[in-house]
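One structure is given below, encoded as structure tokens.
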Amino acid sequence: MKKITRQEIIETVKKLYMDAAVYLQEDVLMVLTNAYEKELGLAKELLRQIIENQKIAASEKLPLCQDTGIAVIFVEWGTEVIYEDGQPVEAFNEGVRQAVKEGYLRASVVDDPVFERKNTKDNTPCIIHFELTKGDKVKITLAPKGAGSENMSALRMLKPAEGLNGVKAFVIETVRKAGGNPCPPIIVGVGIGGNFEKSAILAKKAILRKVGQPSKHPQYAQLERELVKEINELGIGSMGVGGNITALAVHIEYYPCHIASLPVAVNIQCHSARHMEAEI
């Protein structure tokens, strides 16, 4: 059995959060550059500025966006890994706490959502999704999620009879209603199936996929292509000024569901598609 310490988790989470706030992954940069080549007019200029912004952020080690988000962490914990320092959740929160302080990240989390709304001042607690996997590794993926795009996300429990057309209509409707609010060009994560909460987690995981990497299931891959085409035909464009490119990609994850149910969740990610991962 492999032992993992509290300090290893803290240091890993801290680095992931600080790096994710500053650096975009190569796949995101590539699709943004491709979009710039295809776009025209003001939308093209905005894409140029978006690309320039990431260069400045990387060179000066400054956050890509003022909203450094709430830390969403997906953990794949190997069954051959032992943690002997108490409660691992506390270590994840400490890593977030230190990243906010040392990385000068904006504190954006309130302790109570309705009444006092007092800022916790360190972006804790983070949101953690644990999954047990085989092996002696712990894989940590951290995605800072800002509110601008998150607030435009939606979930609907469709009737099974609504089928494929119902799924497509809901995704398109959600993106159309969002307009320029989520800072397009966007990446659209779609979770289909499971139940109410499972579909939302699937949608969130979908935006972590390498941008533009199609689903392994040919019919879902085809649906992804159709949705990208129809979303871009909405003409929302970069930052909502109009244009050819509204979505850089649509990613779909799916799961078995009840015979009387068809849950669909849409999680929208802005062009600043930040996430980092590491293995301990």
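Hydrogens, waters and symmetry mates are skipped; everything else that's a heavy atom, side chains included, is used.
Residues K198 and N195 meet the side-chain proximity criterion, which asks for heavy atoms closer than 4.5 Å. With a 4.5 Å cut-off on side-chain heavy atoms, V72 and T141 do not count as touching. A heavy-atom distance below 4.5 Å is not found between the side chains of M276 and L142. Between T12 and V138, the closest side-chain pair of non-hydrogen atoms is not below 4.5 Å. With contacts defined as side-chain heavy-atom distances shorter than 4.5 Å, the pair I9/F92 qualifies. Counting heavy atoms from C-beta on, the side chains of P263 and C257 come closer than 4.5 Å. Counting heavy atoms from C-beta outward, R156 and V264 have side chains that stay 4.5 Å or more apart. In this structure, V167 and E162 have side chains that are not in contact, with every pair of non-hydrogen atoms separated by 4.5 Å or more.
No more than 12 heavy atoms of other residues, nucleotides or ligands shown are found within 6.0 angstrom of CD on Q219. Within 6.0 Å of the NZ atom in K2, the count of heavy atoms belonging to other residues, nucleotides or ligands exceeds 12. No more than 12 heavy atoms of other residues, nucleotides or ligands lie within 6.0 Å of OH in Y255, so this atom counts as exposed by the packing criterion. Atom CD of Q66 has 12 or fewer heavy atoms from other residues, nucleotides or ligands within 6.0 Å.
For the residue pair N267 / S153, a side-chain donor-acceptor distance below 3.5 Å is found, with atom types taken as modelled.
No side-chain donor-acceptor contact under 3.5 Å links T79 to the backbone of K134. Judged purely by atom type and a 3.5 angstrom limit, R209 uses its side chain to pair as donor or acceptor with the backbone of I252. A distance-only check finds a donor-acceptor pair linking the side chain of E39 to the backbone of I245 [under 3.5 Å]. Of the possible donor and acceptor atoms, none in the side chain of Q98 sits under 3.5 Å from a partner among the backbone N and O of I10. Judged purely by atom type and a 3.5 angstrom limit, D122 has no side-chain atom pairing as donor or acceptor with the backbone of K101. Side-chain N or O atoms of Q25 include one that pairs as donor or acceptor with a backbone N or O of H275 at under 3.5 Å. Side-chain atoms of N93 come within 3.5 Å of backbone atoms of C126 as a donor-acceptor pair (strictly under, hydrogens ignored). With T68 contributing its side chain and R106 its backbone, the two residues share a donor-acceptor pair below 3.5 Å.
Once rounded to the nearest 0.5 Å, the distance linking CG of D27 with NZ of K210 reads 6.0 Å.
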Check your understanding: Going through the checks in order, is the side chain to side chain contact (heavy atoms under 4.5 Å, CB included) test met by I50 and Y36?
Key -> CA-CA 10 Å; I50 288 170; Y36 170 78; over 6 Å; no
Review point. Does the pair T124 and V109 meet the rule for a side chain to side chain contact (heavy atoms under 4.5 Å, CB included), with working shown?
Key: CA-CA 7 Å; T124 64; V109 174; over 6 Å; no
Practice item. Applying salt bridge (charged side-chain N to carboxylate O under 4.0 Å, His left out), run through K205 and E131 and close with a yes or a no. Key: CA-CA 12 Å; K205 287 186 74 172; E131 180 183 354; 3.8 Å; yes
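The side-chain hydrogen bond (donor to acceptor under 3.5 Å, both in side chains) test with K204 singles out one residue from H129, E150, Q269, and that residue is E150. Screening I207, D67, I127 against K145 for a side chain to side chain contact (heavy atoms under 4.5 Å, CB included) leaves a single residue, I207.
Judged by the 6.0 Å distance and 45° axis criteria, K3 is not positioned over the aromatic ring of Y83.
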